[in-house]
Amino acid sequence: VNGGVTKPVEGGTWKVDKKKQTLEFTIQFPEELKKKDVKIPAGSDLVLEGRLVSSEELKQFQEAFQEARKEEWKAQEKIDEIQAIRDAPKQWNEEKQRWEHRSVDEPLSSLFTKHVDAFVKGQKRRQKFAEKPRSGVELSKRPGRFPGFEKDNLVYFGTRGVIRNKSKGNMIVGTWTAEPIDGQPASYLS
């Protein structure tokens with residue numbers, strides 16, 4: 001195809017590791033493949049590994065994130081309550097016949113502890129957000145059925161992974177990425 005080189009590739013095996021949440025499949029190169037300074041010797045088996053996330057697991061990631069966000073909001077509300085009292089308008093004191101600010105009997109150490117707590121809870125929320133794989137970015141846009149998973153527990157496939165050379169002791173030799181198939185006829189996706 002206009003300067004392209006075609007080399008045979010043979011399919012190999014595949015397996016799902018639910019513990020590691022990965023799909024692993026092999027491809028074999030019966031002939032040497034060479035481009036610039038990269039060479040794959042004849043007879044090489046490459047193992048491509050990608051992430052799998054079930055709908056149920058994605059739901060658990062989302063619930064953990066929402067719980068962390070709720071905890072952060074509660075911690076921030078405690079600070080906001082004190083600030084609202086401090087920022088409140090002056091009130092008329094009948095006994096003293098003057099306008100006064102309401103005071104907050106909050107020790108500085110307690111206020112500091114509340115700020116630290118809100119900061120820690122915010123860090124936890126950010127961590128949970130970072131742990132949560134995003135469909136359409138880190139995962140396929142849509143889930144599908146996959147062997148080894150319940151029919152109603154659809155699975156998302158990762159959009160990137162590693163390539164290992166099985167013939168060289170599973171040494172990592174590269175990475176792979178996948179892009180969604182957009183703009184294709186509907187029959188292509190079904």
Side-chain angles (χ1 to χ4, degrees), residues 15-25 47-146 148-150 152-164 170-182:
K15 71 176 181 179
V16 172
D17 187 333
K18 286 179 122 179
K19 198 172 200 176
K20 288 179 20 183
Q21 296 177 313
T22 58
L23 167 67
E24 196 176 271
F25 56 96
V47 179
L48 286 79
E49 185 178 286
R51 185 173 185 187
L52 290 177
V53 178
S54 71
S55 298
E56 187 58 41
E57 289 164 321
L58 201 57
K59 182 180 173 185
Q60 290 169 3
F61 278 116
Q62 183 64 23
E63 288 170 355
F65 167 72
Q66 288 173 340
E67 182 61 32
R69 184 174 60 187
K70 188 171 22 172
E71 288 177 19
E72 179 188 20
W73 287 347
K74 285 179 184 177
Q76 187 61 45
E77 282 174 0
K78 292 176 183 177
I79 296 168
D80 293 345
E81 287 171 7
I82 294 167
Q83 196 63 43
I85 293 170
R86 287 185 175 168
D87 293 343
K90 291 181 178 181
Q91 293 181 338
W92 183 254
N93 185 331
E94 284 291 329
E95 287 179 21
K96 296 180 182 178
Q97 291 294 303
R98 67 178 183 198
W99 291 97
E100 295 179 339
H101 279 289
R102 286 184 2 189
S103 64
V104 179
D105 295 332
E106 185 78 27
L108 187 57
S109 61
S110 174
L111 187 59
F112 177 75
T113 301
K114 288 178 181 177
H115 276 278
V116 169
D117 185 47
F119 175 77
V120 168
K121 300 269 171 72
Q123 290 294 92
K124 183 178 179 184
R125 178 201 37 90
R126 285 184 278 286
Q127 176 191 2
K128 293 297 179 186
F129 180 79
E131 290 172 358
K132 182 175 70 108
R134 297 170 291 163
S135 62
V137 178
E138 298 166 21
L139 300 174
S140 54
K141 284 186 175 182
R142 292 182 292 273
R145 289 195 178 102
F146 211 84
F149 290 86
E150 301 293 323
D152 58 343
N153 191 8
L154 301 178
V155 175
Y156 292 85
F157 187 61
T159 58
R160 59 185 51 93
V162 297
I163 304 171
R164 293 182 279 114
N170 278 333
M171 176 175 65
I172 294 178
V173 295
T175 60
W176 63 265
T177 60
E179 296 179 11
I181 302 169
D182 288 334

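Computed from a prediction, not measured in an experiment: that's the story for all the values here. In this chain, numbering begins with 1 at the start of the sequence shown.
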How would you list, by chain and number, every residue that makes a side chain to side chain donor-acceptor pair (under 3.5 Å) with W99, sequence neighbours excluded?
-> none
Report yes if some heavy atom in the side chain of Q123 is under 4.5 Å from a heavy atom in the side chain of Q127; otherwise report no.
-> no
Hey, what do you get for OG1 (T159) to CZ (R51), rounding to the nearest 0.5 Å?
-> 10.0 Å
Tested for side-chain contact (heavy atoms from CB on, under 4.5 Å) against R98, the lone hit among E95, E94, E100 is E100
Do K70 and E67 meet the salt-bridge criterion of a basic N to acidic O distance under 4.0 Å?
-> yes
Within-4.5 Å side-chain heavy-atom neighbours: F149 and R145 | no
Apply side chain to side chain contact (heavy atoms under 4.5 Å, CB included) to the pair R164 and E24, showing each step before the final yes or no.
-> CA-CA 10 Å; R164 293 182 279 114; E24 196 176 271; 2.7 Å; yes
Measure the shortest side-chain to side-chain distance between E72 and K124 over non-hydrogen atoms and say whether it is less than 4.5 angstrom.
-> no
Indicate yes or no: at least one non-hydrogen side-chain atom of W92 is less than 4.5 angstrom from one of Q97.
-> yes
F157 CZ to L52 CG distance, which is reported to the nearest 0.5 Å | 6.0 Å
Heavy-atom check, side chain of Q76 versus side chain of I79, under 4.5 Å = yes
Residues forming a salt bridge (charged side-chain N to carboxylate O under 4.0 Å, His left out) with E63, sequence neighbours excluded = none
Can you measure from CZ (R142) to OH (Y156) and round to the nearest 0.5 angstrom?
-> 10.0 Å
Does the side chain of H101 reach to within under 4.5 Å of the side chain of K90, using non-hydrogen atoms?
-> yes
Student check: side-chain heavy atoms of V53 and E138 closer than 4.5 Å = no
dist K19:NZ -> D17:CG (nearest 0.5 Å) comes out at 8.5 Å
Minimum side-chain heavy-atom gap L108-F112 below 4.5 Å = no
Could you grab the distance from atom CG of L48 to atom OG1 of T175, nearest 0.5 Å is fine?
-> 10.0 Å
What pairs of donor and acceptor atoms, side-chain ones from residues 54-61 against any protein atom, are under 3.5 angstrom apart with sequence neighbours left out?
residue, atom, partner, partner atom, Å
S54, OG, E57, N, 3.1
S54, OG, E57, OE1, 3.1
S55, OG, L154, O, 2.8
E57, OE1, Q21, NE2, 3.3
E57, OE1, S54, N, 2.8
E57, OE2, Q21, NE2, 2.5

Under 6.0 Å from the NZ atom of K78, do we count more than 12 heavy atoms belonging to anything else shown?
-> no
NZ/NE/NH1/NH2 to OD/OE distance under 4.0 Å, K128 and E131 = yes
